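Notes follow once the structure below has been shown.
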There are 2 protein chains.
Amino acid sequence: MRIVLVGFGVVGQSFVKILLSKSAELYSTFGLNPRVVACVDSDGMAVSPGGLDLGRLLEAKRTKKSVSAYHDKRDYLNTTDLIENTEAEVMIELTPTNLENGEPGISHIVSAMKTKKHVITVNKGPMALAFSSLIELSNYNNVRLAFSGTVGGGTPILEFAKKCLRGDRILSFRGILNGTTNYILSKMEEDEITFQEALADAKQKGYAEASPRLDIEGYDAAAKLVIMANWIMSRKVSIADVTRRGILDVDLNAIRNAHHDGKAIRLIAYCDNDELNVMPLEIKRDDPICVTGTLNAVTFSSEYSGEKTIVGRGAGGLETASAILRDLIEIRDSISIPFDSMA
Amino acid sequence: MRIVLVGFGVVGQSFVKILLSKSAELYSTFGLNPRVVACVDSDGMAVSPGGLDLGRLLEAKRTKKSVSAYHDKRDYLNTTDLIENTEAEVMIELTPTNLENGEPGISHIVSAMKTKKHVITVNKGPMALAFSSLIELSNYNNVRLAFSGTVGGGTPILEFAKKCLRGDRILSFRGILNGTTNYILSKMEEDEITFQEALADAKQKGYAEASPRLDIEGYDAAAKLVIMANWIMSRKVSIADVTRRGILDVDLNAIRNAHHDGKAIRLIAYCDNDELNVMPLEIKRDDPICVTGTLNAVTFSSEYSGEKTIVGRGAGGLETASAILRDLIEIRDSISIPFDSMA
């Protein structure tokens with residue numbers, strides 16, 4: 001299976017490390033023999049139709065900061081040119097999330113699907129802004145569009161909803177979809193510190209970015225909520241449809257008062273057939289979604305089997321790379337080409 | 001799809017109610033047209049090759065306490081005779097769990113598989129005592145043996161482990177698998193009452209049976225642990241291999257002391273490649289498995305994607321019936337007979 005990797009940050013490198021360490025097992029268990037035939041980062045590209053040497057690729061990134069150090073060829077005008085003109089079965093989109101216009105992720109995904117490549121994306125932007133049209137395009141081109149890693153990092157929130165509750169119907173779900181804000185809110189409560197102090201601590205620990213607006217204003221949670229709403233509840237919504245309030249105005253007194261009542265304040269994303277919102281809410285301390293630190297948690301309410309909650313880390317390179325691998329195995333399974341010739 | 005229902009308590013009746021209310025949707029969505037051709041309870045049996053009238057069946061059970069009131073035919077010597085000599089695709093085993101010798105469940109399951117019927121069981125006894133040999137027999141006879149409802153009631157704990165973590169490897173898991181003991185332990189903590197007081201309260205609320213030995217001595221949790229260990233970790237173990245200690249000797253002082261330290265005492269089932277045990281342990285209050293009331297919770301630790309927890313009710317008629325329906329849909333999907341003729 002030939003793969004084009006677009007974006008080569010922590011997640012991409014973790015994914016390549018898994019491929020390196022697991023190749024025998026991937027073949028024997030899943031009939032999967034992945035070859036990375038091209039890899040693109042912000043500084044350049046490495047291309048080899050027979051498959052890049054993954055050890056050398058990681059080494060080029062580590063020592064020279066870019067895959068362009070792998071060799072000095074440059075056969076393509078730009079990334080979409082590379083995607084469209086490279087023979088491969090799968091394109092994996094790992095560029096940073098852009099919630100303004102979804103680019104360059106959307107262009108990469110469209111280029112791949114038009115040239116009949118299956119797509120795996122962990123980039124939330126395209127799915128949060130153009131879910132329906134991208135799904136439609138994948139159907140039209142008869143390719144798979146997989147996006148497990150866009151929600152929950154390595155925690156299989158989307159798979160759980162789709163695969164583990166068949167025959168039942170999910171009526172609503174609510175949960176914590178952003179680890180940074182959850183860390184800040186639980187830190188404020190635990191250490192009795194202000195929002196600014198907790199934010200500084202989160203930045204220092206690497207849980208918050210230098211410009212944490214996407215997290216603390218609730219955009220990141222809203223993007224994931226939209227992906228879930230479309231995929232799980234078949235709603236046709238975009239990020240603009242989310243009623244959104246971040247955690248900027250949550251003060252320590254409110255947290256203290258909630259704590260006193262056996263409750264905690266968390267940034268809760270909620271979806272049913274009508275509502276779609278992200279806002280700080282008081283929840284009971286013994287509610288299974290009342291997690292601490294950077295964890296994510298979602299409770300699904302279903303018609304017959306009641307409430308079920310899934311909890312796990314919502315980020316992390318290796319964790320998110322494991323979601324890509326799950327998607328890749330699914331794609332392998334879905335292609336009904338004989339085991340040997342396809343692998 | 002013709003079904004023989006063996007056992008018709010709360011779960012069986014809930015399942016039939018779902019079939020009644022959902023028949024159109026089951027057909028349109030899953031190609032499933034279930035017909036219950038025989039139903040057995042402890043007082044008798046109802047049989048109709050063309051399919052029993054499910055409304056009348058429920059009515060017979062409700063008003064006359066037994067399905068034998070459905071009609072006065074009795075064509076079979078006993079239940080295994082009925083299972084073996086009734087034409088059907090699926091036998092659903094719902095008799096009470098017996099952890100001494102697994103009967104009559106094991107005999108029912110063996111009879112069904114020998115006569116090429118797929119089996120769905122929510123009866124823990126057979127799977128906890130004879131997991132490997134029953135799986136082997138199902139393979140030999142080329143039929144499915146499904147048992148989602150044996151662990152977690154309607155909470156898809158087994159499915160989660162098998163379907164949502166592909167490509168990753170589960171290294172260990174630990175969790176709360178028995179709702180009755182969890183209710184007692186969390187009630188002792190919450191209300192500062194003794195074990196005996198909490199047990200009386202659980203009985204009064206219907207969470208504990210009159211003879212709650214299987215629950216409070218940890219046998220029920222051990223049975224579920226064994227099923228998970230065999231299925232998820234490919235261990236070849238039986239209930240006798242579990243190091244087991246119940247909650248009888250957990251006293252209020254120990255619970256108070258744990259509470260003081262930000263911890264709680266819970267009956268924890270644990271499995272890795274070596275260990276297999278059920279015992280009361282102190283866990284941190286902010287551990288995602290530290291649930292209250294009758295909830296169940298399991299954390300899976302996996303190689304790449306870290307720890308993931310699933311939480312939900314571990315019992316309930318409708319919830320467990322939803323697990324049977326999931327298994328039935330899986331069986332329907334696995335039989336590669338054309339949609340129309342099979343349905």
Side-chain angles (χ1 to χ4, degrees), chain A residues 14 17-18 22 25-26 29-30 32 148 152-160 162-169 186 190 284-293 295 297 299-300 302-313 316 318-330 333, chain B residues 14 17-18 22 25-26 29-30 32 148 152-160 162-169 186 190 284-293 295 297 299-300 302-313 316 318-330 333:
Chain A
S14 299
K17 284 173 194 163
I18 295 182
K22 282 286 191 180
E25 191 181 326
L26 290 176
T29 311
F30 303 106
L32 199 63
S148 304
T155 306
I157 294 173
L158 295 171
E159 284 98 327
F160 179 78
K162 274 286 187 181
K163 292 186 179 174
C164 292
L165 301 173
R166 297 186 69 192
D168 207 342
R169 180 168 32 212
S186 44
E190 202 179 312
K284 285 190 180 166
R285 183 150 300 282
D286 65 358
D287 188 321
I289 63 167
C290 191
V291 291
T292 56
L295 290 174
T299 295
F300 295 97
S302 54
E303 187 175 6
Y304 297 127
S305 60
E307 298 203 331
K308 280 155 304 283
T309 304
I310 171 167
V311 180
R313 280 197 69 192
L318 206 52
E319 289 87 344
T320 309
S322 75
I324 299 174
L325 184 59
R326 283 201 307 271
D327 283 345
L328 194 64
I329 292 169
E330 287 277 304
D333 285 352
Chain B
S14 298
K17 283 174 194 162
I18 294 182
K22 282 285 191 177
E25 191 180 326
L26 290 176
T29 311
F30 304 106
L32 199 64
S148 303
T155 306
I157 294 174
L158 295 172
E159 284 98 327
F160 179 77
K162 275 286 187 181
K163 293 185 178 174
C164 292
L165 301 172
R166 295 187 71 193
D168 207 341
R169 181 171 30 213
S186 46
E190 200 180 315
K284 284 191 180 166
R285 184 150 300 283
D286 65 358
D287 187 320
I289 63 168
C290 191
V291 291
T292 56
L295 289 175
T299 295
F300 296 98
S302 54
E303 188 175 4
Y304 296 127
S305 59
E307 299 204 329
K308 281 157 301 283
T309 305
I310 170 167
V311 180
R313 278 198 71 190
L318 206 53
E319 289 88 343
T320 308
S322 75
I324 299 174
L325 184 59
R326 283 202 306 272
D327 283 344
L328 194 64
I329 292 168
E330 287 277 303
D333 285 352

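Below, all heavy atoms of this structure are taken into account, side chains as well, without hydrogens, waters or symmetry copies. Everything quoted here is computed from the prediction, not taken from an experiment.
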Pair B:Arg166, A:Glu159 - check side chain to side chain contact (heavy atoms under 4.5 Å, CB included), show working.
CA-CA 11 Å; B:Arg166 295 187 71 193; A:Glu159 284 98 327; over 6 Å; no

Which residue out of A:Gly154, A:Gly312, A:Ser14, A:Ser305 racks up the most heavy-atom pairs below 4.5 Å with chain B?
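Of A:Gly154, A:Gly312, A:Ser14, A:Ser305, A:Ser305 has the most heavy-atom pairs under 4.5 Å with chain B.
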
For the interface with chain B, which of A:Asp286, A:Ile289, A:Ile18, A:Thr292 has the highest count of heavy-atom pairs at distances below 4.5 Å?
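Highest number of heavy-atom pairs under 4.5 Å: A:Ile18.
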
Please classify the contact between A:Leu295 and chain B as side chain, backbone, both or neither, with a heavy-atom cut-off of under 4.5 Å.
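The side chain, not the backbone.
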
Quick one: what part of A:Asp168 sits under 4.5 Å from any heavy atom of chain B, side chain, backbone, both or neither?
side chain

Which of [options] touches chain A most, by non-hydrogen pairs under 4.5 Å:
options                               : answer
B:Lys163, B:Arg313, B:Glu330          : B:Lys163
B:Val291, B:Leu26, B:Thr309, B:Asp287 : B:Thr309
B:Glu307, B:Glu303, B:Glu25, B:Lys22  : B:Lys22

Please look at B:Lys162 and chain A and tell me whether the side chain, the backbone, both or neither of the residue comes under 4.5 angstrom of a heavy atom of that chain.
neither

Less than 4.5 Å to any heavy atom of chain A: does that hold for the side chain of B:Thr155, its backbone, both, or neither?
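Contact with chain A involves both backbone and side-chain atoms of B:Thr155.
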
At their closest point, which heavy atom of [X] faces which heavy atom of [Y], and how far apart are they?
X        : Y        : answer
B:Cys164 : A:Cys164 : SG-SG, 3.6 Å
B:Phe160 : A:Pro156 : CE1-CG, 3.6 Å
B:Gly167 : A:Leu325 : O-CD2, 3.6 Å

Side chain to side chain contact (heavy atoms under 4.5 Å, CB included) between A:Arg285 and B:Arg285, intermediate numbers included:
CA-CA 10 Å; A:Arg285 183 150 300 282; B:Arg285 184 150 300 283; 5.7 Å; no

Nearest 0.5 Å, what's the OG-CZ distance between B:Ser322 and A:Arg169?
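Between B:Ser322 OG and A:Arg169 CZ, I get 13.5 Å after rounding to 0.5 Å.
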
